> 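Input: one structure, supplied below.
Lettering follows sequence order; numbering is per chain, from 1. Just so it is clear, the model here is predicted, and its values are computed rather than measured.
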Amino acid sequence: MTSTERQQTESQFEVDRYDPSDLELKWRARWDESGLHKTRDTVEGKPNWYALVMFPYPSGDLHVGHWFQYVGADAHARFKRMEGFNVLHPQGFDAFGLPAENAAILNNINPAEFTRETIENARRQFRLMGTSYDWDREIITCEPEYYKWNQYFFLKFMEKGIAYRADGPVNWCNSCQTTLANEQVKDGACERCGTVIERRNMTQWYFKITDYADELLDMDNIDWPDRIKLMQTNWIGRSEGADFNFDISEYGIEAQHITTFTTRIDTVYGVTFIVLAPEHPLVESLTQPDQAEAVQAYIASAAAASEVERTSTEREKTGVPTGSYAINPLNGDRVPILVGDYVLASYGTGAVMGVPAHDERDFVFATKYDLPIRVVVAPDGWDGSDLEEAYLAPGAQVNSGEFDGLNSTEGMQKISDKIEAEGWGHRTISYKMRDWLISRQRYWGTPIPVVYCDDCGTVPVPVDQLPVELPREAQFKPTGRSPLIDDESFVNTTCPRCGKPAKRETDTMDTFMDSSWYHLRFTDPHNDDAPFDLERAKNWMPVHRYMGGVEHAVMHLLYSRFFNKALRDLGIVDFDEPYTRLFNQGIMTTEGGKISKRNRPMPADPLVERFGTDTVRTYLMFLGPWGDGGMWSDEGMNGPSRWLNRVWDLANRDPERLGSVPVDNAVDSGILRGGHALSKKAVVDFEAFKFNTVIAGLMEYTNELAKAWDAGGVSPATWSEAIERTLLILAPIAPHITEELWERTGHEFSIHSQSLPSWKEDLTMAETVTIVVQINGKLRARLEMPADSTEDQVAAVAMAESNVQAHTEGKQIRKQIYVPNKLLNLVVG
RNA sequence: GGGGAAGUGGCGAAAUGGCAGACGCGCAUGCCUUAGGAGCAUGUGUCCAAAAGACGUGUGGGUUCGAAUCCCACCUUCCCCA
């Protein structure tokens, strides 16, 4: 290129420089007008693809963490579109729930008003991101048109016995002033606010998710990260064991026995004590008068400790005797009954049989309280001496009556048979997972559609009276009881069955109810007669690619699977799983940690103002693999910004100006082949959410193009094709600039309706390749050879290299390894 | 305590059995500019003045012609569970 030409390019660049602000506005308006993102249920010749990203809580500004999530999901959906699918990529708002309600309280406005404002703002920001949502399918879960169907499903669940009301211990968050499901308690604290959870006894509504425990464990047919599957498996916590009854009939109380749950019935002859959870219902009646004071005091102190503290292996095991004894029906042993807080009322039966010889915690406990330790499963070569620590592995049964000599694995079966035959207990399966507690003592949620009548009891609201609307003007500040209790016009109603005065249920539903089926509503979002039409849903379901954060592994993702199976059993859907493939994006961090609303919110608006949406998108996708998250740095934005300017510059050059220099076949073929290789690689990388390497590949290619332009030798046709490929591959990541350049390079609207560039396999490799020559595994020479050279050809050239000769001189070549187009390794000695 | 994921330049990272550090940031030098949070060019793992060479992917071992990649042990960080 001559200096005059360079000046021309530069002056052209000055006049028509890349200015994202106008250009991005222009194209977003054009996309809206043309209905580019409207999704039809079916399109001739295109298979459907449901690309779903977890919808947000509208609790404030969307920050760069949201951008990271939603831009990645959008880029992947756009990629699928350009791969030839008819893509549904919808968006909505998970608008009920504590974040919105708390924010509203803080700002002293009604949650409905607050939510409306934040949704408007979020919608604006989603547009600013350049996302390709079809807004005609938007869902807002706090609108009666949506939550009506929550109520509908609740009633269906009641009919089927999946929803039930029960009294029992619940998790109470004193800061959020509501109960929580077990899944919403992390490390003994409220998942939302971090307050330590209290136990209370309350009457609440539950969903029988435990009925589906075994089915939920079966994840063979879903393509999810192993990590998430493992977390769900552990959460469900299936353990096979036995319930076994110890006799307490000597006390003359109503209960004749204490039922313990154990996974090690083979060790039952080694029981030397029983431990009850402090909350166990028999504690009171079994406490003897001389122990009453100590037990009372102990229960009080246990109540102050959280579950996490109580079960920590670090913490000293404590307990007090009740003064009562229980008889082991197998051997007639009379063993003491203690109360100990390392036993939880909520797991198993709330009572454990203490086998110190074969359980670590029991061993520690027995040592501390000087209780006998009796070996009943012998370690290999055991000489009858005392154990230093609990022996957990299988072994030979000893001190086990008629079962002596059996291997304990067999003993487990034989003893189970015996206790079942004698009626002392039975094999059973215990799960860690509890039923899903659905009631919340908060205002901003779906009213539970139930009426309590003095005569008829608990009466479901008839479906034709739905929705039970949430009163707009109610008192909504949390007081520890449901705010709706104070709204008399809401509470007081008539019994749907007998017509007498009755009272409404005033608790609202957990918001995970909303997100358990929203993916179905997106397929038929305006249906007034049903939550969705099954035939319409089946156009899309199950979701082909679900994208979202790992934090929902045992909350939303477990609830949704349960919900789908429940709907299937009600005949409402006919598939087993809601989400076929799951991909978790990583977490966006700063030096201060995770970016969230609470921690360095980092709004994106100022960045967009300075750099433009496409640069922010490209930057975020370039940080690293989407699945690994990214570390924010203020400096990094310059790279993508410069690069998009260079793409702009390259694509705006007139290819005809290349015609003045004769075509150099080597250069021309290099550009052509580079384009084919890039097109092939892009599909693989996009599919794997490796947007960073797609961008790196594009950068490498545009660097090559810039060099080739300066050096000359590329034909205008090759150049134009190269630019076209670059724009098409970049389009899912930077939708605005590519649309503008697509038009400027003489193409028809829209680039986003095009297919990704095709490639020919034989053009994806360069004409010449670098072959590495190693001697004994050490690099000694590099050869430029025609692609697909034979081993003999390569070896001949290699042996002519002076450095190769120097290292093989006087030595024998013992072995020669050839990897085509890559490497020749000579083993000498 | 158990389980899982990860550990590569000053930084984000690439390479998943075959040239370690692609691509980018930052930095350095030079050019251009009234100016620059602009642009362009060149350089940038360590040792060595440089070349040649050697060393180099948390640590130590192993498998292999060849290991960042596979195996074993350990250390560190993060996540989940107790």
> Scan A:Q774 against the nucleic acid and name what it touches under 4.0 Å (heavy atoms): base, sugar-phosphate only, or nothing.
base

> Of A:G777 and A:F611, whose closest RNA chain B nucleotide lies nearer the 5' terminus?
A:F611

> Indicate syn or anti for B:G9, taking the glycosidic torsion and treating anything within 90° of 0 as syn.
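Here B:G9 takes the syn form, which means its glycosidic angle is within 90° of 0.
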
> Just how far, in rounded Å, is P of B:U64 from CG of A:N776?
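Computing the A:N776:CG to B:U64:P distance gives 15 Å.
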
> Take atom C1' in B:A5 and the same atom in B:A41, then report the distance between them in whole Å.
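It works out to 43 Å between them.
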
> For the residue pair A:Y18 and A:N652, confirm or rule out a side-chain donor-acceptor distance under 3.5 Å.
no

> Could you list all N or O pairs between the protein and nucleotides 9-11 of chain B that sit under 3.5 Å apart?
none

> Looking just at side-chain N and O atoms, do A:S560 and A:Y579 make a donor-acceptor pair shorter than 3.5 Å?
yes

> Does one side chain, of A:T618 or A:W643, offer a donor that lies under 3.5 Å from an acceptor on the other?
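Their side chains do not contain a donor-acceptor pair, so the 3.5 Å distance test is not met.
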
> Would you call the rings of A:F512 and A:Y559 parallel, tilted or perpendicular, where under 30° means parallel and over 60° means perpendicular?
tilted

> Would you check if there is a donor-acceptor pair between the side chains of A:R725 and A:S679 at a distance under 3.5 Å?
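Result is yes, a qualifying pair exists.
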
> Using atom C1' in both nucleotides, what's the gap between B:A52 and B:C47 to the nearest angstrom?
14 Å

> Roughly, in whole Å, what's the span from CZ in A:F691 to P in B:A13?
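To the nearest whole Å, that distance equals 16 Å.
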
> Reading 5' to 3' and counting Watson-Crick or G-U wobble pairs with both distances under 3.5 Å, write the dot-bracket notation for RNA chain B, | for bases paired outside the strand.
(((((((..(((.....[....)))((((((.......))))))(((.....)))..(((((..]....)))))))))))).

> Could you tell me whether A:I817 contacts a base, only the sugar-phosphate backbone, or nothing, with contacts defined as non-hydrogen atoms closer than 4.0 Å?
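Base, at least one base heavy atom under 4.0 Å.
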
> Considering only the C1' atoms, how many Å lie between B:A14 and B:A68, rounded to the nearest integer?
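It works out to 11 Å between them.
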
> Expressed in whole Å, how much space separates the P atoms belonging to B:G30 and B:G36?
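Here B:G30 and B:G36 have their P atoms 15 Å from each other.
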
> Could you grab the distance from atom CD1 of A:I813 to atom CD1 of A:I775, nearest 0.5 Å is fine?
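The distance works out to 7.0 Å.
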
> Taking the six-membered ring where the residue is Trp, are the ring centres of A:H76 and A:F689 under 6.0 Å apart?
yes

> Measure from CD1 on A:I771 to C1' on B:G66 and round the result to the nearest Å.
17 Å

> Report the distance from atom NZ of A:K707 to atom C1' of B:C40, rounded to the nearest whole Å.
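Spelled out: NZ on A:K707 to C1' on B:C40 is 14 Å.
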
> Expressed in angstrom and rounded to an integer, what is the separation of A:N182 atom CG from B:A82 atom C1'?
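Atom CG in A:N182 sits about 14 Å away from atom C1' in B:A82.
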
> Roughly how many Å is it from CD1 in A:I228 to C1' in B:C81, rounded to a whole number?
14 Å

> A cation-pi test, strictly: NZ or CZ of A:K432 under 6.0 Å from the centre of the six-membered ring of A:W235 and no more than 45 degrees from its axis. Yes or no?
yes

> Drop me the distance from A:D628's CG to A:Q585's CD, to the nearest 0.5 angstrom.
11.5 Å

> Tell me whether the side-chain N/O atoms of A:K690 come closer than 4.0 Å to OP1 or OP2 in B:A15.
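Answer is yes, contact under 4.0 Å.
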
> What integer number of Å spans the P atoms of B:A6 and B:A38?
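To the nearest whole Å, 37 Å.
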
> How would you label the contact of A:L230 with the nucleic acid (heavy atoms, under 4.0 Å): base, sugar-phosphate, or nothing?
sugar-phosphate

> What pair of heavy atoms forms the shortest contact from A:V828 to A:K811, and how long is it?
CG2-CD, 3.9 Å

> Whole-Å distance between B:C81 P and A:E551 CD?
13 Å

> To check you understand the geometry: which heavy-atom pair defines the closest contact between A:A798 and A:L824, and what is its length?
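Heavy atoms of A:A798 and A:L824 come nearest at CB-CD2, 3.8 Å.
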
> Which whole number of Å gives the distance between the C1' atom of B:G60 and that of B:G45?
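Roughly 23 Å separates the two C1' atoms.
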
> When all nucleic acid strands are considered with a 4.0 Å heavy-atom cut-off, which category describes A:V827: base, sugar-phosphate, or nothing?
sugar-phosphate

> Check the interface with nucleotides 53-57 of chain B: list each N/O to N/O pair with the protein under 3.5 Å, or write none.
residue, atom, partner, partner atom, Å
B:A54, OP1, A:R780, NH1, 3.3
B:A54, OP1, A:R780, NH2, 3.3

> For nucleotides B:G1 and B:U69, find the distance between their P atoms and express it as a whole number of Å.
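My reading of the P atoms in B:G1 and B:U69 gives 27 Å.
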
> Closest nucleotide of RNA chain B for A:S641 versus for A:K432: which of these residues is on the 5' side?
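Between the two, 5'-proximity favours A:S641.
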
> Rounded to the nearest 0.5 Å, what's the gap from CD on A:Q232 to CE on A:M433? Could you check?
9.5 Å

> Atom CE of A:M621 to atom P of B:A13: distance rounded to whole Å?
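To the nearest whole Å, that distance equals 14 Å.
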
> Below 6.0 angstrom between ring centroids: does that apply to A:Y342 and A:F365?
yes

> Are there any protein N/O atoms within less than 3.5 Å of an N/O atom in nucleotides 22-25 of chain B, and if so, which ones and at what distance?
residue, atom, partner, partner atom, Å
B:A22, O2', A:E700, OE2, 3.0
B:G24, OP1, A:N703, ND2, 3.1
B:C25, OP1, A:R642, NH1, 2.5

> With sequence neighbours excluded, tell me which residues meet salt bridge (Lys or Arg N to Asp or Glu O under 4.0 Å) with A:E687.
A:K80, A:R545

> Nearest 0.5 Å, please: how far is CG in A:N584 from CE in A:M54?
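Answer for the CE-CG pair, A:M54 versus A:N584, is 6.5 Å.
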
> With rounding to the closest Å, how many angstrom separate the C1' atoms on B:U63 and B:A13?
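29 Å, rounded to whole Å.
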
> Among all residues two or more places apart in sequence or in another chain, which pass the salt bridge (Lys or Arg N to Asp or Glu O under 4.0 Å) test with A:E240?
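Partners of A:E240 under the salt bridge (Lys or Arg N to Asp or Glu O under 4.0 Å) test: A:R238.
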
